[in-house]
Participant: 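Input: one structure, supplied below.
What's counted below: heavy atoms across the whole structure, side chains too, no hydrogens, waters or symmetry copies.
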Amino acid sequence: MGRTREAGCVAAGVVIGAGACYCVYKLTWGKENEEIWDDDEECSDMSEVEVEVEHEPEIEASDEVEENPEAKLQDESKAEAEVNTVVDNGPAVKKEAHLGPQSGGGLEAKAKALFKTLKEQASAKMGKGTRVGNISGNRTLVSGLPCPGGRGGGCHPTRSGSKAGSKASSKSKGKTRSKSTKAPATAWPVRRGKFNFPYKIDDILSTPDLQRVLNILERTNDPFIQEVALVTLGNNAAYSFNQNAIRELGGVPIIAKLIKTKDPIIREKTYNALNNLSVNAENQGRIKTYISQVCDDTMVCRLDSAVQMAGLRLLTNMTVTNHYQHLLSYSFPDFFALLFLGNHFTKIQIMKLIINFTENPAMTRELVSCKVPSELILLFNKEWDREILLNILTLFENINDNIKSEGLASSRKEFSRNSLFFLFKESGVCVKKIKALANHNDLVVKVKVLKVLTKL
């Protein structure tokens with residue numbers, strides 16, 4: 001009877017010890033689990049997430065049952081010792097309490113298997129099972145702006161995307177840590193390629209924005225960026241308030257320094273920007289420093305090219321007033337040579353430039369004394385269109401009027417036979433050509449011809 005009673009006491013002790021282990025295990029795991037999820041919520045506010053996946057260790061439950069009561073009693077004492085250790089040390093020793101002795105008896109092994117099953121059921125019920133580090137989120141890019149550098153050269157995700165990625169990549173409930181696995185560098189699309197200019201070329205910019213564009217233009221050597229910046233400044237210089245702003249920001253020398261570049265596209269855009277700025281009288285005072293350089297480049301660049309046309313337009317604007325015409329007097333023979341050699345559009349633009357000089361009587365002597373090709377007389381031909389005929393007739397009319405007003409007719413001996421004075425005044429060929437245009441089909445040309453003939 002005593003033996004039976006002793007066995008019953010041992011069995012009761014084992015049950016009581018197993019229950020105590022279960023209670024302490026639940027309390028310890030629940031507290032730690034809350035701490036893990038609290039850490040996850042704190043990590044969700046980070047813009048960059050390091051994914052660390054922990055794997056839960058597998059505990060094998062033994063199906064063998066020890067028949068020796070003394071062994072069961074030893075297991076019971078070991079279990080009680082572990083319970084005391086867990087109570088004293090708390091969560092810091094969860095690994096020891098969780099792993100436990102591997103040589104436990106059958107009841108303890110079954111209890112551990114039961115605890116594991118209950119834990120998995122509770123985790124599945126609360127939706128906190130093992131999660132895979134799958135990053136998700138929306139990547140937002142500001143249109144037209146350079147992409148800020150994130151990890152691996154990409155952009156940072158949005159806050160909402162960061163939270164989603166943090167939760168999706170949180171730690172699992174296992175206790176054995178595997179190697180830390182970070183999100184691959186290609187998790188976010190990396191922006192690569194040419195620099196995107198911060199503004200659209202047709203935007204009307206404020207003074208701070210103009211300053212930023214000028215800073216970019218001053219510091220970069222990339223032809224693509226230079227071209228876009230020059231077009232942006234040129235478009236903004238079409239407005240009077242921005243003409244003043246660009247000048248006050250020191251933009252004229254920043255733009256004009258690109259006249260020396262070898263890239264014809266950059267030179268063309270530079271001339272266009274300076275051309276729009278030159279409409280302002282104060283800006284002309286800043287651009288005059290570069291007018292001789294522009295003139296020389298315009299004469300030697302490729303005939304009828306876009307660079308040449310842009311340079312001629314700038315020179316035309318700079319010679320609308322009489323202040324800076326004397327800076328180009330040395331180029332008169334080149335202008336008339338280009339008038340003869342250039343195509344239709346070049347002829348029109350160069351005639352507009354020369355007409356600006358003919359509007360200033362002080363420039364008449366230097367103008368009519370320059371050497372010109374005799375083929376220039378061919379421009380007085382009815383086969384040309386209205387615009388060319390009207391311009392060449394205006395040119396002849398202005399020079400004829402200035403010769404009279406300056407009294408140069410009496411000084412004909414000082415002009416050579418291949419000069420403009422001899423071609424327009426002494427040869428008489430121009431007068432015959434103009435009279436032949438009196439029967440022109442275009443009424444506007446006919447009226448202009450009659451006006452010129454009445455002044456002869």
Participant: Only one of Ile204, Asn276, Asp203, Asp202 passes side-chain contact (heavy atoms from CB on, under 4.5 Å) with Asn236; say which it is.
Facilitator: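 Running side-chain contact (heavy atoms from CB on, under 4.5 Å) over Ile204, Asn276, Asp203, Asp202 with Asn236 returns exactly one hit, Ile204.
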Participant: Is a donor on one side and an acceptor on the other found under 3.5 Å between the side chain of Asn275 and the backbone of Tyr271?
Facilitator: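 Between the backbone of Tyr271 and the side chain of Asn275 there is no qualifying donor-acceptor contact (under 3.5 Å).
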Participant: Has the side chain of Asn235 got a donor or acceptor atom that lies under 3.5 Å from a matching backbone atom of Ile201?
Facilitator: yes
Participant: Within the distance-only criterion (no hydrogens, no angle test), does the side chain of Asn400 pair as donor or acceptor with the backbone N or O of Phe396 below 3.5 angstrom?
Facilitator: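 Checking the backbone N and O of Phe396 against the side chain of Asn400, no donor-acceptor pair under 3.5 Å is found.
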Participant: Locate the shortest heavy-atom distance separating Lys257 from Ile254; write the atom from each residue and the value.
Facilitator: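 So the two residues come closest at CG-O, 3.2 Å.
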Participant: Applying side-chain contact (heavy atoms from CB on, under 4.5 Å), run through Leu453 and Leu456 and close with a yes or a no.
Facilitator: CA-CA 5 Å; Leu453 291 176; Leu456 293 177; 3.6 Å; yes
Participant: Do Gln211 and Asn215 pass the side-chain hydrogen bond (donor to acceptor under 3.5 Å, both in side chains) test, and can you show the C-alpha distance, the side-chain angles, and the key distance before you say yes or no?
Facilitator: CA-CA 6 Å; Gln211 179 68 74; Asn215 291 340; 3.0 Å; yes
Participant: Determine whether a donor-acceptor pair (N or O, by modelled atom type, separation under 3.5 Å) exists between the side chain of Thr364 and the backbone of Pro361.
Facilitator: yes
Participant: Are the side chain of Gln308 and the backbone of Leu303 linked by a donor-acceptor contact shorter than 3.5 Å?
Facilitator: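 No; judged by distance alone, with no hydrogens or angles, the pair does not exist.
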Participant: To the closest 0.5 Å, what do you measure between CG (Asn317) and OH (Tyr324)?
Facilitator: 13.0 Å
Participant: Please step through side-chain contact (heavy atoms from CB on, under 4.5 Å) for the pair Leu230 and Asn272, ending with a clear verdict.
Facilitator: CA-CA 8 Å; Leu230 288 170; Asn272 289 339; over 6 Å; no
Participant: Give, for atom CZ of Phe332 and atom CG of Leu420, the distance between the pair rounded to the nearest 0.5 Å.
Facilitator: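 So the CZ of Phe332 and the CG of Leu420 are separated by 10.5 Å.
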Participant: Closest approach of Arg412 and Glu426, non-hydrogen atoms and distance?
Facilitator: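 Where Arg412 meets Glu426 most closely, the heavy atoms are NE-OE2, 3.0 Å.
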Participant: When you look at Phe421 and Ile403, which way does the side-chain contact (heavy atoms from CB on, under 4.5 Å) test go after all the steps?
Facilitator: CA-CA 9 Å; Phe421 178 88; Ile403 289 174; 3.7 Å; yes
Participant: Roughly how far, to the nearest 0.5 Å, is OG1 of Thr394 from CD1 of Ile355?
Facilitator: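 The CD1 atom of Ile355 sits 5.0 Å away from the OG1 atom of Thr394.
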Participant: Checking Phe422 now: which residues fulfil ring pair (Phe, Tyr, Trp, His ring centres under 6.0 Å) with it, not counting sequence neighbours?
Facilitator: none
Participant: Has Lys347 got a side-chain atom pairing as donor or acceptor with Gly342's backbone, closer than 3.5 angstrom?
Facilitator: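 Pair found, side chain donor or acceptor close to backbone of Gly342.
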Participant: Restricting to non-hydrogen atoms, name the atom on Lys260 and the atom on Gln293 that form the minimum distance, rounded to 0.1 Å.
Facilitator: CG-NE2, 3.1 Å
Participant: Quick one: do Arg247 and Asn244 satisfy side-chain hydrogen bond (donor to acceptor under 3.5 Å, both in side chains)? Show the steps, please.
Facilitator: CA-CA 5 Å; Arg247 180 188 69 252; Asn244 295 324; 3.0 Å; yes
Participant: Closer than 4.0 angstrom, basic N to acidic O: yes or no for Lys448 and Glu397?
Facilitator: yes
Participant: For Phe357 and Gln325, which heavy atoms make the closest approach, and how far apart are they?
Facilitator: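 Between these two residues, the closest heavy atoms are CE2-O, 3.5 Å.
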Participant: How close do Leu210 and Ala245 get, counting heavy atoms only, and between which atoms?
Facilitator: CD1-CB, 4.0 Å
Participant: Within a reach of under 6.0 Å around CD of Glu375, are more than 12 heavy atoms found that belong to other residues, nucleotides or ligands?
Facilitator: yes
Participant: Let me confirm one number: the CG-CD distance from Asn280 to Gln243, rounded to the nearest 0.5 Å.
Facilitator: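 Asn280 CG to Gln243 CD: 5.5 Å, rounded to 0.5 Å.
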Participant: Are Arg365 and Glu406 within salt-bridge range, i.e. N to O under 4.0 Å?
Facilitator: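 Looking at Arg365 and Glu406, the cut-off is not met.
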Participant: Against Tyr290, only a single residue in Asp297, Val252, Leu274 fulfils side-chain contact (heavy atoms from CB on, under 4.5 Å); can you say which?
Facilitator: Val252
Participant: Just how far is it from atom CD1 of Ile348 to atom CD1 of Ile392, taken to the nearest 0.5 Å?
Facilitator: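 So the gap between those two atoms works out to 12.0 Å.
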Participant: Do the ring planes of Phe424 and Phe380 sit parallel (below 30°), tilted (30 to 60°) or perpendicular (above 60°)?
Facilitator: perpendicular
Participant: Quick one: pull up CG in Leu341 and OG1 in Thr346 and give me the separation to the nearest 0.5 Å.
Facilitator: 10.0 Å
Participant: Taking only residues two or more places apart in sequence, or in another chain, which ones meet Arg386 in a salt bridge (Lys or Arg N to Asp or Glu O under 4.0 Å)?
Facilitator: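 By the salt bridge (Lys or Arg N to Asp or Glu O under 4.0 Å) rule, Arg386 matches Asp442.
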Participant: For the side chain of Lys352 and the backbone of Leu312, is there at least one donor-acceptor N/O pair under 3.5 Å apart?
Facilitator: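 A pair under 3.5 Å: no.
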Participant: Would you say the side-chain atoms of Ser278 and Gln284 include a donor-acceptor pair closer than 3.5 Å?
Facilitator: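 Ser278 vs Gln284: no donor-acceptor pair found between side chains.
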Participant: What is the minimum heavy-atom distance between Val320 and Asn356, and which atoms define it?
Facilitator: N-ND2, 4.0 Å
Participant: Can you establish whether the number of heavy atoms outside His344 located under 6.0 Å from its atom NE2 is more than 12?
Facilitator: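 Yes.
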Participant: Is the shortest side-chain heavy-atom distance between Ile287 and Met318 below 4.5 Å?
Facilitator: yes
Participant: Please tell me if the side chains of Lys269 and Ile265 come closer than 4.5 Å, counting only heavy atoms from C-beta onward.
Facilitator: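 Yes - at least one pair of side-chain heavy atoms lies under 4.5 Å apart.
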Participant: Given side chains that start at C-beta, do those of Asp385 and Leu389 come closer than 4.5 Å, heavy atoms only?
Facilitator: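 Asp385 does not reach Leu389 side chain to side chain.
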Participant: So do the side chains of Cys295 and Phe335 get within less than 4.5 Å of each other, counting heavy atoms only?
Facilitator: yes
Participant: Using side-chain contact (heavy atoms from CB on, under 4.5 Å), reason through Asn402 and Val368 one step at a time and then give a plain yes or no.
Facilitator: CA-CA 10 Å; Asn402 291 337; Val368 298; over 6 Å; no
Participant: Report yes or no: does Thr220 contribute a side-chain atom to a donor-acceptor pair with the main-chain N or O of Ile216 at less than 3.5 Å?
Facilitator: no
Participant: If you define the side chain from C-beta out and look only at heavy atoms, does anything of Ser419 sit under 4.5 Å from Lys371?
Facilitator: no
Participant: Are there over 12 heavy-atom neighbours, none belonging to Tyr239, within less than 6.0 Å of that residue's OH?
Facilitator: no
Participant: Report yes if the side chains of Arg267 and Cys301 come closer than 4.5 Å at any heavy-atom pair, otherwise no.
Facilitator: yes
Participant: Is Asn418 reaching over with its side chain to a backbone N or O of Val372, donor-acceptor style, under 3.5 angstrom?
Facilitator: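 Checking the backbone N and O of Val372 against the side chain of Asn418, no donor-acceptor pair under 3.5 Å is found.
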Participant: Are the side chain of Lys404 and the backbone of Lys455 linked by a donor-acceptor contact shorter than 3.5 Å?
Facilitator: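 Side chain of Lys404 to backbone of Lys455: a pair is present.
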